[in-house]
Amino acid sequence: SSADLLAPRGGAEPGRLLFGTPDSFHSAYEAAMKVFAYADLPAHTLRIVGKIPSRLASSFARTISVNSKTITLLDDTVSDAARVEEISRAALVIIEAPETDESMSTMLLALSLDRPVLVEDTPFTRDLAAEVGDSWVRLHPGRLTAVELEKALASFTESPPTGTPDLDARDPDTVSQQFTAVYRSAAASR
């Protein structure tokens with residue numbers, strides 16, 4: 001509920017990285033989890049919050065069991081309030097499959113909670129970084145690798161985000177009008 005969203009939020013826990021989704025994870029998160037497990041990141045932990053698809057459950061379970069001190073999982077769909085809490089506790093939110101609705105939702109929620117995101121460099125994410133501030137939306141080329149993750153986290157440590165993300169262009173009325181125009185255009189083309 002909206003009242004839950006107004007509940008007090010905690011601060012970010014240093015070194016806590018988050019994969020989060022409101023529903024079920026895209027398969028791209030399987031590789032990203034293995035990247036985290038492989039990377040040399042002794043000061044970091046990974047929190048995974050969202051439903052793991054059944055076809056990926058054994059892969060996630062194996063990787064998490066081998067890395068149980070650094071990777072934790074909440075394998076369930078979560079409420080809006082729980083998403084806010086999990087994102088608020090993260091120092092950085094890692095986004096995979098940025099073209100999906102779930103990833104876009106998580107990315108914008110993280111930015112609205114003043115949490116930076118690390119995401120693949122695409123035309124959309126490049127535009128978002130230019131819009132909200134490139135210190136808040138950090139881009140990596142192609143799919144995430146251990147080397148790119150290590151470089152990105154070193155960059156965050158050396159140059160953390162400043163101020164707050166500029167979300168003024170994300171006015172709900174403007175966005176609603178844009179969605180309405182897209183849906184009407186799609187309906188008219190049928």
Tell me which pairs pass side chain to side chain donor-acceptor pair (under 3.5 Å) where either residue lies in residues 64-73, with sequence neighbours left out. Arg47-Thr72

Here the pair of heavy atoms bringing Leu73 nearest to Gly50 is CD1-O, 4.5 Å

Looking at Ser155 and Lys151, would you say the former's side chain and the latter's main chain have a donor-acceptor pair under 3.5 Å? no

Do Phe60 and Tyr38 share a hydrophobic cluster (ILVMFWY, side-chain heavy atoms under 4.5 Å, transitive)? no

Would you say that Leu17 contacts Leu153 through its side chain, given a criterion of any heavy-atom pair below 4.5 Å between the two side chains? yes

Quick check for you: to the nearest 0.5 Å, what is the distance between Arg16 atom CZ and Ile87 atom CD1? 11.5 Å

Let me see the working for Leu139 and Val137 under side-chain contact (heavy atoms from CB on, under 4.5 Å), right down to the final yes or no. CA-CA 6 Å; Leu139 305 174; Val137 178; 3.9 Å; yes

Heavy-atom side-chain proximity of Ile94 to Val117 below 4.5 angstrom: no

Within a strict 4.5 Å, meaning less than it, do heavy atoms of the Leu92 and Phe156 side chains meet? yes

Using a strict 4.0 Å threshold on nitrogen-to-oxygen distance, state whether Lys51 and Asp76 make a salt bridge. no

Ignoring hydrogens and geometry, is there a side-chain-to-backbone donor-acceptor pair from Arg115 to Ser88 under 3.5 Å? yes

Quick one: closest heavy-atom pair of Ser59 and Met33, and the distance? O-CE, 4.1 Å

Heavy atoms of Gly15 and Ala91 approach each other most closely as N-CB, 4.0 Å

Do Leu41 and Leu149 have side-chain heavy atoms sitting under 4.5 Å apart? yes

Quick one: does Ile48's side chain get under 4.5 Å of Phe25's, heavy atoms only? yes

Would a 4.5 Å heavy-atom cut-off, applied to side chains only, mark Pro22 and Thr106 as touching? yes

Which heavy-atom pair separates Ala28 from Arg143 by the least distance, and what is that distance? CB-NH1, 3.8 Å

One pair to check against side-chain contact (heavy atoms from CB on, under 4.5 Å): Thr45 and Ile71. What are the steps and the verdict? CA-CA 6 Å; Thr45 59; Ile71 301 176; over 6 Å; no

Go through Leu128 and Leu111 one step at a time and tell me if the side-chain contact (heavy atoms from CB on, under 4.5 Å) criterion holds. CA-CA 11 Å; Leu128 182 64; Leu111 292 168; 4.1 Å; yes

Report the residue from Arg138, His140, Arg126 that forms a side chain to side chain donor-acceptor pair (under 3.5 Å) with Asp121. Arg126

In the single-linkage hydrophobic clustering (I, L, V, M, F, W, Y; side-chain heavy atoms under 4.5 Å), do Phe19 and Val66 co-cluster? no

Using modelled atom types only, decide if a donor and an acceptor are shared between the side chain of Thr125 and the backbone of Thr122 within a distance under 3.5 Å. yes

Donor-acceptor contact present, side-chain Asp134 to main-chain Ala129, <3.5 Å: no

Short question: side chain of Ser103, backbone of Glu96 - any donor-acceptor pair under 3.5 Å? yes

Do side-chain atoms of Glu120 reach the backbone of Pro141 as a donor and acceptor pair under 3.5 angstrom? no

Rounded to the nearest 0.5 angstrom, the CG-CG distance for Leu18 and Leu118 is 12.5 Å

Do the side chain of Trp136 and the main chain of Asp166 share a donor and acceptor less than 3.5 angstrom apart? no

Start with the C-alpha distance between Val49 and Thr21, add both sets of side-chain angles, then the distance that settles side-chain contact (heavy atoms from CB on, under 4.5 Å), and finish with yes or no. CA-CA 6 Å; Val49 177; Thr21 185; over 6 Å; no

Just so I know, are the side chains of Glu131 and Pro165 near enough to count as touching, which here means a heavy-atom distance under 4.5 Å? no

Determine which pairs satisfy salt bridge (charged side-chain N to carboxylate O under 4.0 Å, His left out) with at least one residue from residues 99-108, sequence neighbours left out, and list them in order. none

Same apolar cluster: Val147 and Leu144, side chain cutoff 4.5 Å: no

Is any side-chain heavy atom of Ser27 closer than 4.5 Å to one of Leu56? yes

